[in-house]
Amino acid sequence: MKFISTRGGGEPQSFIDVLLNGLAPDGGLYVPEAWPELDLERLKSFAGAPYSDVAMEVVKPFIGDEIPAETLQNILRKVYQDNFDHSCVAPLVQISPNTWIMELFHGPTLAFKDYALQLLGHLFDYVLEQRGERVTIVGATSGDTGSAAIEACKGCKNIDIFILHPEGRTSEVQRRQMTTVDAPNVHNIALKGNFDDCQNMVKAMFNDTTFRNEVNLSAVNSINWARIMAQIVYYVTASLALGGPNRKVSFAVPTGNFGNIFAAYAARQMGVPTKRLIIGSNRNDILTRFFETGTMKSENVEPSLSPSMDIQISSNFERYLFDLLDRDAKGLTKLMNSYKDNGSFSIGSEYMAKARREFDARRCPDEQTKGLMTACYNETGYMLDPHTAVGLYAGMQVREDPSVPLVALACAHPAKFPDAVENAIGIRPPLPPHLADLYNRPEHVTALGNDLNTVQYFVLNNIKK
Ligand SMILES: *Cc1c(COP(=O)(O)O)cnc(C)c1O
């Protein structure tokens, strides 16, 4: 399978090039040249098979023979059998008639990002080993992504990773999940500044060509195609568990960046029978406003109970827009330029009618988030994290036909957001056993000033030569 840029530039690329490069040189995002079709009848026969076997079927058409099948299978087994604390990897828990929670918090950092990043780390390491190369990954985080990237790279022989977080501005659980990792290739930088300063610092390092080449700079950001690919797998396992391919399922997904819900769309394009794909937004509702009005427009980011969705730019949305416009790269580039120049773009009513047939979107303000966390605990005993509550709320708003199973994605463990959970149900959720001593582990972090030279000097001095 080859991959093309949504902006139409360059030649089609191989999976490995797309994995290593992330963003296309013309500023677009890579998408598969065509959507492959899954053999669902064959997948049905996988009932009871390990998650990694289903994963193999899902990723195979994208990777082709670029990684030998046996190697790939071994990587998938290692990732999903060794690094997740539930033997089902992405188990379904029923909370009411025909309503399920898909728990995506059984990885090392308790958020769904592990499901993709754990695989990415192993794929990177394998490809680099084959090429005899080494990369330096730098990233900025306000919380979840940084710890998931660190956990994904900590055992990798050919990667040094530097994660910048704004000093004093992440939650204690989130900071400790990053800083308590003790590995020679992992470097935490507490930058004296805010999250934007961290992001700008990363950008400045990438823009410095000499530095970029000297340390072979790379990123594992949310637009990497391989992350989407890995996230398709759990939509397939959920469908199969609930009667697929002979029965349609609806998915409710809390999303800001459009990453996780795009993976649901990809699963549908590959043949997974889905009824509704439901987007849950918090008060930062750029996506919901788009589906209501046909206009995508950034506004200021407001803090909410579900901080991992406090964003106003939905970077993965470009991938869907490309399909919505019947893969018209020129038309898409115009819209993206308008967005860059004016902070907004609008879509005609015919296309919007199609978009509304393909997705539903609902907003869930903090009051409703907290209300649902309380109600769900009182009625079922199940603890929702605030992000999960946003998705479930949207799902319940949209649901019409109770005979269609509704699967709400639990994107984080409640213990990751203990204050919000305690506030809603009066109980502080305990960390799972593998993190129970998190507050006693020593931290490894270097505080640095918000100055490019200082940070570059630190990177140069700490990479393995
Ligand atoms: C990252 C994250 C999200 C948002 O994911 P998208 O990439 O925007 O789909 C939602 N919930 C949690 C807990 C997250 O960590």
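When reading the values below, keep in mind they use all heavy atoms of this one structure, side chains included, and skip hydrogens, waters and symmetry mates. Read the numbers this way: they start at 1 and go in the same order the structure lists the ligands and their atoms.
The contact shell of ligand 1, taken as protein residues with any non-hydrogen atom closer than 4.0 angstrom, comprises Phe112, Lys113, Asp144, Pro254, Thr255, Gly256, Asn257, Phe258, Gly259, Asn260, Ser308, Met309, His387, Cys411, Ala412.
For an aromatic pair to be called close, the ring centres must be under 6.0 Å apart, and Trp225 with Phe15 fails this.
Among the candidates Met309, Arg363, Glu302, Glu292, the single residue satisfying the side-chain contact (heavy atoms from CB on, under 4.5 Å) test with Asp285 is Arg363. Checking each of Ile16, Ile67, Val79 against Leu123 for a side-chain contact (heavy atoms from CB on, under 4.5 Å) leaves exactly one that passes, namely Ile67.
Side-chain contact check for Glu318 and Thr6: at least one donor-acceptor pair (N or O, by modelled atom type) lies under 3.5 Å.
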Intermediate values then yes/no, salt bridge (charged side-chain N to carboxylate O under 4.0 Å, His left out), Lys354 and Asp326 | CA-CA 11 Å; Lys354 183 175 162 207; Asp326 302 315; 3.5 Å; yes
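Under the ring pair (Phe, Tyr, Trp, His ring centres under 6.0 Å) criterion, His106 pairs with His86, not counting sequence neighbours.
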